[in-house]
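Notes to accompany the following structure.
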Amino acid sequence: RAKEKGRNTYRFYAAKMNAQSTEQLMLESALRHALDRGELEMYYQPKMNLQTQRIVGVEALMRWHHPILGMIPPVQFIPIAEELGLIVSMGKWALEKACADALAWQKHGLPEVLTSVNLSPRQFESRTLIADIKAVLESSGLDPSLLELEITESAMMADPEHAVTLLRAIRDLGVGLAIDDFGTGYSSLSYLKHFPLSTVKIDRAFINDLSQDADARALIDGIITLAHGLRMKVVAEGVETAVQFNYLHSRGCDEAQGYWLCKPVPADEARDFMARHLRNRIVPSVVV
Ligand code: C2E
Ligand code: MG
Ligand code: MG
Ligand code: MG
């Protein structure tokens, strides 16, 4: 009996595994063609300066519209793209598209904003990374100071010496560098002083917890103080409420990004949002 049951459980498990790997294989082969078939799109999420309440930047976020499965979230397809090595070409495309959109907004008459593009650890290993960035800047004509690259702690800590060399080369191009999801990895801010970073992005887990958790607030306060001491700008990600916005403002955090202000939207919508915001300067419900 027990044996029988065990076997059935196993069969069920095997079938489930099969379904999972079939879906995985399907996604893998579809992703190989996603770029060529024009299924990728860049969305943009605005960032607001907490003092001036102006939109000062956008983060470029990749989207994949699969013709049958619909929108597949980055948490699902970015790891596959990394595994298959597709992320290098996809990342280069993202950079080109983000620079082109930034220039189009400028031509449309909008004030200049900083465009931030995420960089995968795999792109970090690519020997052509610096040449690729340089080529994209030259062909687009975007002022390098209007571009920032976001990297995670794990990408830097995998090989810190290599990271320092690469980051210096990127900085020397005039491009800014942000450490993304800060606080979730194992690095310390004292370690960070060795890297030529311009921005620290506080992970949204801390922002999410700040109203219920004094420890989260202590961590946020510490990150802001230390980052400012190292002459870095601080951006809070995942700001969803006025309470969070106000707390960050009161602590001297420089910028906020999150659903409370605006979710990631297609390029045209981002442009319209920025134009509307410029006219009305409406902040959802700030008490300052
Ligand atoms: P990330 O770089 O930390 O990007 C921020 C993520 O937080 C985005 O998820 C964004 O939609 C989400 N977010 C923003 N505001 C809020 C909020 O108020 N509440 C909540 N719950 N979430 C918020 P998304 O777009 O799904 O991207 C997930 C991750 O995928 C990114 O995290 C980044 O690591 C990666 N990714 C996205 N686009 C690219 C890309 O072009 N290249 C690379 N290498 N990675 C990318
Ligand atoms: Mg990011
Ligand atoms: Mg982040
Ligand atoms: Mg994140």
Side-chain angles (χ1 to χ4, degrees), residues 31 34-35 39-48 55 57-65 70-102 114-126 129 132-133 136 147-156 176-185 197-211 223 233-245 248 255-267 269-270 273 284:
L31 193 56
L35 186 55
E39 293 168 10
L40 300 180
E41 187 179 4
M42 295 312 288
Y43 273 36
Y44 298 91
Q45 186 177 36
K47 298 179 197 175
M48 182 189 266
I55 305 299
V58 292
E59 176 171 9
L61 294 157
M62 200 181 284
R63 295 292 179 260
W64 178 22
H65 305 278
M71 182 96 104
I72 302 180
V75 289
Q76 223 177 321
F77 75 81
I78 297 282
I80 301 176
E82 287 176 333
E83 218 171 283
L84 301 180
L86 299 169
I87 194 69
V88 175
S89 54
M90 284 164 64
K92 190 172 179 216
W93 173 83
L95 206 54
E96 281 165 1
K97 188 69 175 71
C99 290
D101 285 334
L114 184 69
T115 292
S116 304
V117 181
N118 292 285
L119 213 60
S120 147
R122 286 297 301 270
Q123 286 173 277
F124 238 61
E125 291 160 15
S126 153
L129 178 66
D132 287 349
I133 298 169
V136 171
L147 180 66
E148 177 177 75
L149 299 174
E150 296 191 4
I151 48 173
T152 56
E153 288 173 73
S154 53
M156 294 185 358
L177 286 161
I179 181 154
D180 206 352
D181 304 339
F182 188 77
T184 53
L197 298 163
S198 37
T199 307
V200 173
K201 296 190 78 178
I202 307 176
D203 191 73
R204 80 173 128 89
F206 301 110
I207 310 305
N208 186 55
D209 292 348
L210 76 80
S211 61
I223 293 172
K233 186 175 76 179
V234 184
V235 178
E237 57 176 31
V239 177
E240 293 182 351
T241 68
V243 170
Q244 292 165 354
F245 186 97
L248 294 160
E255 294 173 20
Q257 172 185 353
Y259 297 167
W260 180 72
L261 178 68
C262 184
K263 65 185 199 312
V265 289
E269 275 181 56
F273 178 89

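Every number for a ligand or one of its atoms is a count from 1 in the order of the listing. If you read the sequence from its start, that first residue is 1, and numbering goes on from there.
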Open item on the list: I'd like the name of whichever of Met62, Glu59, Lys263 reaches closest to atom 41 (O) of ligand 1 through any heavy atom.
Closed with: Met62
Task: Minimum side-chain heavy-atom gap Glu237-Asp180 below 4.5 Å - done: yes
- [ ] Mind checking whether Val117 contacts ligand 1 via backbone (N, CA, C, O), side chain (CB onward), both or neither, at a 4.0 Å heavy-atom cut-off?
- [x] neither
Open item on the list: Is the shortest side-chain heavy-atom distance between Pro74 and Arg63 below 4.5 Å?
Closed with: yes
Task: For Glu240, atoms of ligand 1 separated by under 4.0 Å from a heavy atom - done: 17 (C), 18 (O), 19 (N), 20 (C), 21 (N)
Task: Which N, O or S atom of Glu59 lies nearest to the Mg ion (ligand 2), by name - done: OE2
Open item on the list: Within ligand 1, which atoms have a heavy atom of Glu237 less than 4.0 Å away?
Closed with: 3 (O)
Open item on the list: Is it the case that the side chain of Thr115 and the backbone of Val58 share a donor-acceptor pair, with hydrogens and angles ignored and the cut-off at 3.5 Å?
Closed with: no
- [ ] Please verify whether a non-hydrogen atom of Gly238 lies at under 4.0 Å from ligand 1.
- [x] yes
- [ ] With atom 25 (O) of ligand 1 as the reference point, say which of Gln76, Gln257, Arg63 has the nearest heavy atom.
- [x] Arg63
- [ ] Hey, can you tell me if Trp64 and Phe77 have their rings parallel, tilted or perpendicular (30° and 60° cut-offs)?
- [x] perpendicular
Open item on the list: When you measure from the Mg ion (ligand 2) to the N, O or S atoms of Asp180, does any of those distances fall below 2.8 Å?
Closed with: yes
- [ ] With the side chain counted from C-beta on, respond yes when Leu147 and Val136 share a heavy-atom pair under 4.5 Å apart, and no when they do not.
- [x] no
TODO: Please name the pair of heavy atoms, one in Pro46 and one in Ile55, separated by the smallest distance, quoted to 0.1 Å.
DONE: CB-CG2, 3.9 Å
Task: Option set Asp203, Leu61, Leu40, criterion heavy-atom distance to atom 37 (C) of ligand 1, minimum - done: Leu61
Task: Reported CG-to-CZ distance for the pair Leu86 and Arg122, which is rounded to 0.5 angstrom - done: 9.5 Å
TODO: Please identify which atoms of ligand 1 are closer than 4.0 Å to at least one heavy atom of Val239.
DONE: 18 (O)
TODO: Would you check whether Gln123 has a nitrogen or oxygen atom less than 3.5 angstrom from a nitrogen or oxygen atom of ligand 1?
DONE: no
Task: Atoms in ligand 1 with a heavy atom of Pro264 nearer than 4.0 Å - done: 11 (O)
Task: Heteroatom test (N, O or S) for Asp181 near the Mg ion (ligand 3), limit 2.8 Å - done: yes
Task: N/O donor-acceptor pair under 3.5 Å between Gln76 side chain and Pro73 backbone - done: no
Task: Heteroatom N/O/S of Glu150 within less than 2.8 Å of the Mg ion (ligand 3) - done: no
Task: Gly91 near ligand 1 by a heavy-atom separation under 4.0 Å - done: no
Open item on the list: Counting C-beta onward and ignoring hydrogens, is there a side-chain heavy-atom pair between Glu269 and Tyr44 closer than 4.5 Å?
Closed with: no
Task: From the candidates Arg204, Lys201, Glu150, the one that places a heavy atom nearest atom 6 (C) of ligand 1 - done: Arg204
Open item on the list: Once rounded to the nearest 0.5 Å, what's the spacing between atom CG of Leu210 and atom CD1 of Ile202?
Closed with: 9.5 Å
TODO: Answer yes or no as to whether an N/O/S atom of Ser116 is found below 2.8 Å from the Mg ion (ligand 2).
DONE: no
Task: Check against side chain to side chain contact (heavy atoms under 4.5 Å, CB included), Phe273 and Val265 - done: CA-CA 9 Å; Phe273 178 89; Val265 289; 5.5 Å; no
Task: Heavy-atom check, side chain of Val239 versus side chain of Leu261, under 4.5 Å - done: no
- [ ] Provide the number and element of each atom of ligand 1 under 4.0 Å from a heavy atom of Gln45.
- [x] 14 (C), 15 (N)
Task: Atom of Glu237 nearest the Mg ion (ligand 3) (restricted to N/O/S, atom name only) - done: OE1
Open item on the list: On a heavy-atom basis, I'd like to know which of Tyr259, Tyr43, Trp64 is closest to atom 23 (C) of ligand 1.
Closed with: Tyr259
Open item on the list: Under a 4.0 angstrom heavy-atom cut-off, which atoms of ligand 1 come close to Ser120?
Closed with: 44 (N)
Task: With Glu150 via salt bridge (charged side-chain N to carboxylate O under 4.0 Å, His left out) - residues at least two apart - done: Lys47, Lys201
